[in-house]
Structure formats: C-alpha cells, structure tokens
Amino acid sequence: MDIIRLNPRVKKAILEKKPILVLESTLISHGLPYPDNLELMKEVFQICDRMKVVPAVIGIINGQIIVGLDQNEIKILATSEEVCKVSGRDLGLVVNQKKNGATTVSATIMVAVSAGLKVFATGGIGGVHRGAESSFDISADLIELSRNSMIVISSGAKAILDLKKTLEYLETFGVQVLGFQTGSFPAFYSRKSKFAVPEIGTVKAVVDIFKCNVKTGIKSSLLVTNPVPLEYDISPDIMENYIRKAISEAEEKKVGGQKLTPFLLGRIVELSRGRSLKVNKALIKNNVELGCEISREYYS
Ligand code: PSU
Ligand code: MN
C-alpha cells in the first residue's frame, strides 16, 4: 500500500493543470460537530462543482494519506469517535499505526506541497495562544506556513488566540499576510481586529503577488485573510466574554496541548448557543468560494 493515494479526479486535474482547491480535515472531525460537519462538506463540494474546481480534502484513512477524500471517507472522519488530530509531526506516527487521522493546517500544507498543490482554503489557522509566554503553546501551523510555498485562505485567526503575537510570529518568520478587500486582520467571528494588514482588492492581485513572491525567492506561504460575510459578524466584545469563560474553564480542567483548540471551539459553540457555529460554517463557505476563484486565476 502506498503511503499517499491521490484521488483519480485530483490526479487528472494535476496532469491537466486544472484548478484544484486543497482543504483540511481537522475542521471536519475536531472543529465542527456532527451532523453540521458533514452537511457543510456537501455544500463545500457543491461550491467547488459550481466553480469547476476539483476539491482535494486531505486526511488519513487506515494509515493511508489521501489527497482528495471522497464523501464516504469524509463521513468516516465526520462520524467516527477515534480520529487522531494530526499536525505535521504526527503524520509518520498515524501512518505507521494505520489509524484514521484528520490533518490540521500544518499537516495539510506538508502533504499538499508534496503533491505540488498550491491553493488551500480553511476556516481559521492556529496561532500563538494567549499566555504562550508561559505555556509555549504555538501552533505548528505557523511553522509550516513559514517554510512551504502556498496560497492559504482563512478568516484570520480566532480570538481564542493572541492575535498580536500571532501576527508578530508571522512577520518574524516571513509570512506575508494580506487582507482581501479589508485593511484589518479579521478575527474569525468578527470582521475586524485592532491590527492592520495590507488591503488587496482583487483575486488577480493576490495571485500576482504570490507569483512575485516565488520569483523573488520567498519560500513561505502567502496568507490571504477573508472576513466573514457582514450578516454573520459577531462583535468582538460579545465574543470576548465567551472566550474568557472558555479559557478559564480549560485552565480549571487542565486541558492543554492538542486538546486545547477543540475544547475552546466546542465550549464557544455551547456558550453562544450555536451562533458561533453558524458563523464558522458561513466563513468556511466564503473562504472556499474565494479559494476557488484564486485557484482558477492561478491555473489560468
Ligand atoms: N481554528 C478554527 N477551527 C479549526 C482549527 C483552528 O477556527 O478547526 C483547527 C485547524 O485544523 C488548525 C488546528 O490547523 O485547529 C490548529 O490546532 P493547534 O492549535 O492545536 O495547532
Ligand atoms: Mn497547541
């Protein structure tokens, strides 16, 4: 059995240089509850079909890394209790142990780059956690963004993180961050944060900047941030209450390491009585649409 298997549609698109959009699977198994996760992925596939872009969801089934999970494989990751959360360092372990695994942004980037793929859409990236100066909790997503060349579309980072430190880290490690039709770094549930980013107006400009990055020898990814559609925006003050509560519960329960992000996300859904879930789904679809447009421009 090969360690990596390419879905035949993805393989064909690679050979024919047709647009492909990479997606991660941790948001399916650890980021969203069932059945929302499965319904969302159906809609994501419909968007890709409508925009004539081949979706390449990356994940691990029985120890085989798959580039382009089909709906049945997605269902396994969406419903099964025992799906490992796989960041870059865990790829070898989970393959060796023949387990099912959902790849985070970091692992997804590593696999996508090995398959030569260039455009990746997700919800929010991991970042520097609040209190990282004592916990050292910094997502491996930032490391892989800094050492692999892709265009990654996200709605910024969740305010469960320290956005200022996350942006400082990205700057230090050479990751350019752009705002798509916004001059403010989006805070996932909220369209705006206190932090400024260069505003880029068109998909063509994004792709041109990425191509200039490559020509000038920049080896890191380009992080394109796309704010949630206006009708879903939740004000930062409202979110801050939920976030503080979720973080203090995590501290009380001593939840840390890989389990921290899924714990906080789950508690925020509960505390906001599902409102955060609606936002989460809306922004993922919005990022998939932008990702499809960027992919079409890149491969045109
Ligand atoms: N942020 C979200 N939703 C998610 C994640 C982050 O708003 O589902 C997932 C992504 O897969 C991301 C991962 O790559 O969490 C980061 O986890 P950690 O903080 O453990 O590196
Ligand atoms: Mn972490």
Side-chain angles (χ1 to χ4, degrees), residues 22-34 36-37 40-41 44 57-60 77-78 83-91 101-112 120-146 148 150 152-163 165-166 169-170 175 186-190 193 221 223 225-228 232 234 239 242-243 246-247 250 255-269 272 276-288:
V22 174
L23 297 148
E24 50 130 333
S25 45
T26 293
L27 70 87
I28 303 171
S29 54
H30 301 83
L32 297 167
Y34 175 81
D36 298 77
N37 50 7
L40 176 79
M41 290 313 289
V44 164
V57 186
I58 292 176
I60 304 176
L77 298 187
V83 177
C84 308
K85 176 177 164 188
V86 181
S87 77
R89 64 155 194 191
D90 304 309
L91 283 166
T103 52
T104 64
V105 169
S106 65
T108 302
I109 289 177
M110 285 173 63
V111 173
F120 170 19
T122 183
I125 58 161
V128 180
H129 278 268
R130 298 183 186 193
E133 57 278 20
S134 57
S135 70
F136 272 54
D137 192 346
I138 300 174
S139 175
D141 293 356
L142 301 183
I143 317 260
E144 296 308 331
L145 283 167
S146 74
N148 295 283
M150 290 194 83
V152 180
I153 299 105
S154 86
S155 295
K158 274 214 170 105
I160 56 172
L161 303 168
D162 187 323
L163 298 188
K165 290 197 183 77
T166 300
Y169 189 104
L170 289 167
V175 180
F188 199 87
Y189 303 111
S190 318
S193 69
S221 286
L223 182 62
T225 60
N226 189 29
V228 67
Y232 292 97
I234 309 182
M239 283 317 301
Y242 303 144
I243 290 165
I247 290 177
V255 181
Q258 280 188 311
K259 296 209 157 54
L260 182 62
T261 299
F263 175 85
L264 296 175
L265 300 183
R267 277 304 284 146
I268 290 168
V269 171
S272 71
S276 71
L277 183 57
K278 285 203 185 110
V279 182
N280 207 338
K281 292 194 285 189
L283 64 82
I284 291 170
K285 284 189 272 181
N286 197 40
N287 293 345
V288 168

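When a ligand or atom number is given, it counts from 1 through the structure's own listing order.
In this structure, Asn148 contributes its side chain and Met110 its backbone to no donor-acceptor pair below 3.5 Å. Although no hydrogens or angles enter the test, the distance criterion places no donor-acceptor pair under 3.5 Å between the side chain of Ser87 and the main chain of Ala107. With hydrogens and angles ignored, the 3.5 Å screen pairs no side-chain donor or acceptor of His30 with any backbone N or O of Lys259. Of the possible donor and acceptor atoms, one in the side chain of Ser106 sits under 3.5 Å from a partner among the backbone N and O of Gly88.
Near Lys158, meaning under 4.0 Å from one of its heavy atoms, ligand 1 places the atoms 2 (C), 3 (N), 7 (O). Every atom of ligand 1 is numbered from 1 in the order shown, and the set under 4.0 Å from a heavy atom of Leu27 is 8 (O). Every atom of ligand 1 is numbered from 1 in the order shown, and the set under 4.0 Å from a heavy atom of Thr104 is 11 (O), 14 (O). Numbered from 1 in the order shown, with element, the atoms of ligand 1 that lie under 4.0 Å from a heavy atom of Gly31 read 8 (O).
Between Lys85 and ligand 1, at least one N/O pair is under 3.5 Å apart. Here's the thing with Thr261: one of its N/O atoms is less than 3.5 angstrom from an N/O atom of ligand 1. By the 3.5 Å distance cut-off applied to N or O atoms, Ser106 is not counted among the residues near ligand 1. For the pair Val105 and ligand 1, the shortest N or O to N or O distance falls below 3.5 Å.
Among protein atoms, those of element N, O or S found less than 2.8 Å away from the Mn ion (ligand 2) are Asp137 OD1.
Between Thr104 and Gln258 the shortest side-chain heavy-atom distance does not fall below 4.5 Å. Contact of the Arg267 side chain with the Tyr242 side chain is not registered, since no non-hydrogen atoms from C-beta on lie closer than 4.5 Å.
Counting protein heavy atoms only, atom 12 (C) of ligand 1 is closest to Asp141 OD2, 3.3 Å. Protein heavy atom at the shortest distance from atom 21 (O) of ligand 1 is Ser139 OG, 2.7 Å. Nearest protein heavy-atom neighbour of atom 1 (N) of ligand 1: Gly124 O, 3.5 Å. Here the protein heavy atom with the shortest distance to atom 4 (C) of ligand 1 is Leu265 CD1, 3.7 Å. Protein heavy atom nearest atom 9 (C) of ligand 1, with residue, atom name and distance: Thr26 CG2, 4.0 Å.
Contact analysis puts His129 in contact with ligand 1, with a non-hydrogen atom separation below 4.0 angstrom.
With rounding to the nearest 0.5 Å, the separation of CD1 in Ile247 from CD1 in Ile160 is 7.0 Å.
Closest heavy-atom contact between Ala112 and Met150: CB-CE, 3.7 Å. When all heavy atoms of Met41 and Val57 are compared, the closest pair comes out as CE-CG2, 3.8 Å.
For the side-chain contact (heavy atoms from CB on, under 4.5 Å) test with Leu32, the passing option among Val269, Leu265, Ile284 is Ile284; the others fail. Put simply, the residue from Ile28, Val288, Asn287 that forms a side-chain contact (heavy atoms from CB on, under 4.5 Å) with Val44 is Val288. For the pairing with Ser139, the side-chain contact (heavy atoms from CB on, under 4.5 Å) check across Asp141, Asp137, Ile143 returns one residue only, Asp141.
In this view, Thr103 and Ser25, Thr108 satisfy the side chain to side chain donor-acceptor pair (under 3.5 Å) rule, not counting sequence neighbours.
Heavy-atom proximity to atom 11 (O) of ligand 1, evaluated over Glu24, Lys259, Glu144, His30, is greatest for Glu24.
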